[in-house]
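Scroll down for the structure; my scribbles are underneath it.
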Amino acid sequence: MSRQVVRSSKFRHVFGQPAKADQCYEDVRVSQTTWDSGFCAVNPKFVALICEASGGGAFLVLPLGKTGRVDKNAPTVCGHTAPVLDIAWCPHNDNVIASGSEDCTVMVWEIPDGGLTLPLREPVITLEGHTKRVGIVTWHPTAQNVLLSAGCDNVILVWDVGTGVAVLTLGPDVHPDTIYSVDWSRDGALICTSCRDKRVRIIEPRKGTVVAEKDRPHEGTRPVRAVFVSDGKILTTGFSRMSERQVALWDTKHLEDPLSLQELDTSSGVLLPFFDPDTNIVYLCGKGDSSIRYFEITSEAPFLHYLSMFSSKESQRGMGYMPKRGLEVNKCEIARFYKLHERRCEPIAMTVPRKSDLFQEDLYPPTAGPDPALTAEEWLGGRDAGPLLISLKDGYVPPKSRELRVNRGLDTGRRRAAPEASGTPSSDVVSRLEEEIRKLQATVQELQKRLDRLEETVQAK
């Protein structure tokens with residue numbers, strides 16, 4: 001009688017642990033917009049989440065340690081004139097975040113250390129080039145100040161944020177319909193996209209050429225997501241013809257048949273994949289689900305191994321994923337998610353059970369650090385480089401804040417009016433300041449009147 005042998009893996013017993021109530025962010029009004037993005041972005045300094053806003057679009061930025069109840073009047077980043085659809089932290093500067101909105105613009109913001117004390121309305125730079133709403137923003141993983149945006153005009157623009165110029169354009173001839181997802185390869189040489197025309201494409205953005213494409217990776221009509229994983233493979237999530245959710249693994253050199261295809265369930269939410277290149281684990285989070293599934297990817301058949309599932313009672317409206325350098329290595333934490341409820345953000349730690357308190361080198365190989373490997377000019381010139389790796393053995397110490405430098409002189413008019421290099425404020429900034437001064441003067445006059453009346457009352461007594 002043959003006995004089935006259980007596959008050996010150090011990640012077999014990974015478990016999810018939700019944070020205690022006092023470690024959550026309470027009373028936040030998460031956006032009700034129907035858009036399939038995570039609505040949350042996290043780095044070792046801040047958590048940002050898209051929130052409900054009247055008369056425009058806004059997102060909330062909180063220092064990681066500022067847990068508990070969030071004041072309903074907490075300052076937000078509120079420069080967009082329509083709802084915000086996607087946000088992304090810069091991998092090379094923990095104080096810089098980009099946002100895409102229904103107002104057809106991409107804005108780049110600089111958050112001061114310690115968080116906001118006043119509403120932030122003026123971005124460092126506004127990138128204008130899309131003609132319809134911008135639903136995807138994602139930074140280049142290794143080149144400095146390179147940002148990609150994708151809009152519902154079926155156009156992908158690659159920006160040099162340092163100059164405010166769209167340096168690369170992939171027009172509707174590449175994607176004839178709505179773009180569902182865009183993901184950079186680890187060295188930033190290629191991008192992987194999924195589109196409403198039911199095709200997944202691998203594109204060399206600097207040449208504008210489609211290197212490979214797969215028609216109908218999933219037979220269903222619902223949106224498909226695609227991400228790069230290790231060893232030149234891509235992972236897709238989608239739906240079968242019977243509306244069952246699926247996950248598939250593909251070799252980019254042989255896209256005829258999947259290396260692995262697994263059916264999961266019959267829920268309707270789109271599965272958002274998060275891949276960790278250090279552990280080769282992919283996490284699948286469905287919008288509207290109350291669970292996170294995770295799989296390990298290996299180089300031998302069957303390639304995609306189901307590990308386990310974290311389940312909770314409440315469904316998730318969105319999800320943020322912490323970079324490896326923001327984790328607690330002394331607790332064997334290999335991933336941390338920030339789950340958005342209707343009015344709450346809940347951290348969930350994924351942990352490998354180990355008895356030792358010593359640093360576990362097999363769980364934490366050198367990981368991507370905060371320094372860029374290339375300048376924008378080098379990458380545009382044809383150079384590629386993997387991320388500069390750092391060790392987490394002694395813990396991660398964030399570098400000092402870096403200023404985002406924008407060269408105003410090379411601007412080609414895609415930006416809105418902004419202060420000149422000499423430091424002279426623009427007319428709209430001056431008028432807004434004058435209005436604030438008038439309000440303050442009126443308040444002072446009112447307080448003076450009340451003080452006079454109070455003195456008269458005291459003297460009368």
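All values reported here derive from a predicted model rather than from experimental measurement. Computed from heavy atoms alone, side chains included, the values below leave out hydrogens, waters and symmetry copies.
Looking only at distances, a side-chain donor or acceptor of Q262 sits under 3.5 Å from a matching main-chain atom of L304. Between the R201 side chain and the V174 main chain, a donor and an acceptor come within less than 3.5 Å of each other.
F46 and W89 have their aromatic ring centers within a separation under 6.0 angstrom.
Classification of the F337-Y321 ring pair by plane angle, with boundaries at 30° and 60°, yields tilted.
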Given salt bridge (charged side-chain N to carboxylate O under 4.0 Å, His left out), test R29 with E52 step by step and report yes or no.
CA-CA 6 Å; R29 296 174 299 149; E52 281 292 287; over 6 Å; no

Working note: D289 + R245, criterion salt bridge (charged side-chain N to carboxylate O under 4.0 Å, His left out); need CA distance, chi angles, decisive distance, verdict.
CA-CA 12 Å; D289 288 9; R245 291 198 295 193; 2.6 Å; yes

Would you please test D384 and R186 for salt bridge (charged side-chain N to carboxylate O under 4.0 Å, His left out) and show each step?
CA-CA 10 Å; D384 293 317; R186 186 161 165 81; over 6 Å; no

Salt bridge (charged side-chain N to carboxylate O under 4.0 Å, His left out) between D113 and K45: does it pass, once the steps are laid out?
CA-CA 8 Å; D113 282 336; K45 284 187 179 180; 2.9 Å; yes

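Shown here are the side chain to side chain donor-acceptor pair (under 3.5 Å) partners of E314, two or more places apart in sequence or in another chain: H341, R344. A search for salt bridge (charged side-chain N to carboxylate O under 4.0 Å, His left out) contacts involving K324 returns D276, D278, not counting sequence neighbours. For K253, the side chain to side chain contact (heavy atoms under 4.5 Å, CB included) partners at least two apart in sequence or on another chain are D251.
Side-chain contact, S9 with H305: no donor N or O sits under 3.5 Å from an acceptor N or O. Side-chain atoms of N154 and H175 form no donor-acceptor pair, as typed in the model, at a separation below 3.5 Å. When only modelled atom types and interatomic distance are considered, S240 and E219 share no side-chain donor-acceptor pair under 3.5 Å. Under the 3.5 Å distance criterion, with hydrogens and angles disregarded, a donor-acceptor pair is assigned to the side chains of Q246 and H218. In summary, the side chains of W379 and H140 do present a donor paired with an acceptor at a separation below 3.5 Å, with no hydrogens or angles considered. Side chains of H130 and T105: a donor-acceptor N/O pair is absent below 3.5 angstrom, by distance only. Using modelled atom types, one finds no donor on one side chain facing an acceptor on the other under 3.5 Å when comparing S315 with K287.
Applying the 6.0 Å contact sphere to CZ of R196 captures no more than 12 heavy atoms from other residues, nucleotides or ligands.
Interatomic distance, CG of D177 versus CZ of R199, reported as 12.5 Å (0.5 Å rounding).
Under the 4.5 Å side-chain criterion, counting only non-hydrogen atoms from C-beta, P258 is not in contact with L249.
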